[in-house]
Structures are given as C-alpha cells and as structure tokens.
Amino acid sequence: IAEIGQAGSEQGYLALTGLPSWGIAWYINGTLIPELHLVRGTTYTFRVAGGDQPSNGAQYHPFYFTSSIDGGLSKTNDPSETVYQGQIDGQPADFAVGVYCEWQLTMESIVAAQNGAVAQCFEEYKQDLELSCNDQNRPYTDYTFTPDENTPDLLYYQCYTHKNLGWKIHVYDEANFPSEEIITEDCTVENSSNTLLSTNLPLTLFVLVSIFWYMIE
C-alpha cells in the first residue's frame with residue numbers, strides 16, 4: 001500500500017536519505033519510506049493512493065519506479081533518467097495515480113509537540129498520525145510491477161511530479177535474496193510478514209525529535 005504521510009523532519013526523511021524533504025513522503029504499508037526488497041520474476045501489486053487531480057499539486061503525487069534518487073521527472077525532464085514501467089489493468093503505465101490518502105498529525109499531537117513531546121521511535125510517532133482520504137468510497141489503484149533481468153539491482157520508488165518523496169528498491173535474483181534483521185539504537189525490528197511483498201521486509205525505524213508541518217506550492 002502506497003500512501004502519503006508526514007516526513008518526520010530532520011530525523012525522518014532527511015536522516016534516512018540525506019536528502020531534503022517537502023515535509024511529506026511515501027508511506028509503504030504504513031511505514032515511512034522503507035527500503036523495499038524485491039525478487040526478479042515476481043509480480044508485486046502496489047495499491048496507490050497519492051492523488052489524481054493535477055490541478056491540486058499539493059495532493060497530486062503519481063507513484064513511479066525510476067533510476068533517479070530524486071524523482072520528479074515531470075519537473076526535471078532529465079534525459080538520463082530511466083522509468084521502469086508497471087501495469088494498470090494489464091496495460092503498461094509509467095506511473096499510477098489514485099484517490100488521495102495521507103497520514104496526518106492529529107491536532108493533539110501538534111499541541112503536544114509544541115509543548116516538547118518527543119516520540120522515541122516510529123511506532124510511537126505513528127500513534128500520533130491518522131489516515132485521511134479524500135473519498136472513503138473510492139478504491140486504491142492497483143499498480144503491478146515485475147522486475148526482470150533488465151531491472152537494475154537498485155532503483156527507487158518516487159513521485160513523478162515532486163522530488164524526494166520515496167526511497168530505495170533493492171532487486172535480487174531469487175537465489176540471492178537476503179534474510180536479515182535490522183536493529184536500531186532505540187528500536188528493534190524483527191522480520192514480519194508483509195502483504196505487499198512476497199517475502200519478509202526489513203524496515204528501518206528512527207528517533208523523531210521534532211515534527212515538521214508542510215506546504216507544497
């Protein structure tokens with residue numbers, strides 16, 4: 001599931017990627033920009049909810065797969081960037097749009113942060129977020145992707161219209177797919193089943209020391 005959510009300020013997107021953030025980013029299965037681990041020859045379905053109204057740029061984030069660490073191809077027009085197509089209803093597509101859903105800070109959490117409250121890890125921070133969709137009755141868009149022998153070992157999921165909303169995808173041959181556990185300074189993450197991927201997905205968590213509200217022109 002690919003939805004939009006809060007980027008977590010300096011200790012969120014910036015700390016994970018070393019790149020500046022709009023203040024929002026992709027949440028995959030409810031987690032801020034996890035590194036995804038895919039196997040060649042396996043088809044993955046990403047249920048996309050990044051908005052589908054180009055006239056509302058702040059809520060229009062087409063989801064796509066790219067060679068660019070930054071994304072935002074519609075703005076950069078970078079001739080060196082490669083787009084890795086997925087499919088919608090069996091038809092090739094450079095990107096996917098859909099209903100807009102965002103993990104937003106609750107008013108209570110904003111007040112608490114202003115008073116010095118600090119979340120110690122992502123799961124704690126996530127408790128201060130609530131998912132809001134523009135239309136509760138609309139389904140997400142199913143966007144399938146099958147990495148193959150021509151897919152590089154590293155690519156990125158990003159937003160087609162804005163830079164720096166997504167992060168890394170590692171692609172493996174099946175025989176080389178890793179099984180691992182990631183331990184951070186403040187949170188321990190064990191492998192757990194993930195409905196998006198065909199195998200377990202290690203997630204990187206982090207300490208959030210501040211909260212950032214955003215505006216996109």
Side-chain angles (χ1 to χ4, degrees), residues 1-8 12-13 16-17 21-38 43-66 68 70-75 83-106 109 122-123 125-146 155-169 192-198 201 203 212-217:
I1 297 175
E3 299 154 332
I4 297 297
Q6 300 299 297
Y13 192 95
L16 289 169
T17 68
S21 168
W22 287 94
I24 58 173
W26 286 111
Y27 276 50
I28 305 297
N29 282 3
T31 297
L32 172 62
I33 59 163
E35 295 188 21
L36 305 185
H37 299 258
L38 310 185
T43 297
Y44 301 89
T45 298
F46 292 78
R47 303 187 63 224
V48 177
D52 60 0
Q53 299 298 317
S55 60
N56 184 359
Q59 295 186 358
Y60 182 62
H61 307 292
F63 182 88
Y64 81 122
F65 305 107
T66 173
S68 170
D70 297 310
L73 180 59
S74 73
K75 299 291 177 57
V83 174
Y84 299 92
Q85 287 187 327
Q87 291 194 343
I88 300 174
D89 295 330
Q91 299 300 314
D94 286 345
F95 54 77
V97 299
V99 64
Y100 186 76
C101 294
E102 179 183 335
W103 289 96
Q104 299 177 341
L105 291 163
T106 64
S109 67
F122 177 76
E123 290 305 316
Y125 177 65
K126 181 82 177 291
Q127 295 175 10
D128 291 331
L129 303 177
E130 58 185 8
L131 184 64
S132 175
C133 296
N134 284 354
D135 187 343
Q136 298 289 344
N137 297 317
R138 287 184 57 196
Y140 291 14
T141 298
D142 286 347
Y143 189 46
T144 60
F145 180 61
T146 307
L155 63 155
Y156 302 87
Y157 59 95
Q158 283 288 0
C159 169
Y160 197 78
T161 55
H162 302 93
K163 295 171 67 175
N164 302 339
L165 266 68
W167 196 222
K168 296 178 179 179
I169 300 176
S192 60
S193 62
N194 186 306
T195 57
L196 177 64
L197 305 181
S198 64
L201 171 64
L203 303 178
F212 182 88
W213 201 246
Y214 74 91
M215 179 184 300
I216 294 180
E217 297 180 355

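These values consider heavy atoms only, across backbone and side chains, with no hydrogens, waters or symmetry-generated copies. Bear in mind that the values here come from a model prediction, so they are computed numbers and not experimental data.
For the pair L73 and V83, the minimum side-chain heavy-atom distance is below 4.5 Å. The closest side-chain heavy-atom distance from Q158 to K163 is not below 4.5 Å. For the pair T141 and F63, the minimum side-chain heavy-atom distance is 4.5 Å or more. Counting heavy atoms from C-beta outward, W26 and C159 have side chains that approach closer than 4.5 Å. Looking at N164 and S21, their side chains never come closer than 4.5 Å, going by heavy atoms from C-beta outward. The shortest distance between side-chain heavy atoms of Y27 and Q6 falls below 4.5 Å. In this structure, K168 and Y156 have side chains that are in contact, with non-hydrogen atoms separated by less than 4.5 Å.
Judged by distance alone, the side chain of T161 and the main-chain N or O of Y60 form a donor-acceptor pair under 3.5 Å. With hydrogens and angles disregarded, no donor-acceptor distance shorter than 3.5 Å links the side chain of Y84 to the backbone of F145. A distance-only check finds a donor-acceptor pair linking the side chain of N29 to the backbone of I1 [under 3.5 Å]. Remark: the backbone N or O of L165 is not paired with any side-chain donor or acceptor of Y157 at under 3.5 angstrom. A side-chain donor-acceptor contact under 3.5 Å links K126 to the backbone of G30. Without hydrogens or angle criteria, Y160 side chain to Y64 main chain gives no donor-acceptor distance under 3.5 Å.
Legend: residues meeting salt bridge (Lys or Arg N to Asp or Glu O under 4.0 Å) with D52, ordered by chain and number and at least two apart, are R138.
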Self-check item: Full working for side-chain contact (heavy atoms from CB on, under 4.5 Å) between I28 and I33
Solution: CA-CA 6 Å; I28 305 297; I33 59 163; over 6 Å; no
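In the displayed structure, D89 atom CG is contacted under 6.0 Å by at most 12 heavy atoms of other residues, nucleotides or ligands.
A side-chain donor from one of Y140 and E3 sits under 3.5 Å from a side-chain acceptor of the other.
Ring planes of H162 and H61: tilted class, angle from 30 to 60°.
The ring of F65 has its center closer than 6.0 angstrom to the ring center of F46.
Between the OG atom in S68 and the CG atom in L155 there is a gap of 11.0 Å [rounded to 0.5 Å]. In this structure, L131 CG and Q136 CD are separated by 7.5 Å, a value rounded to the nearest 0.5 Å.
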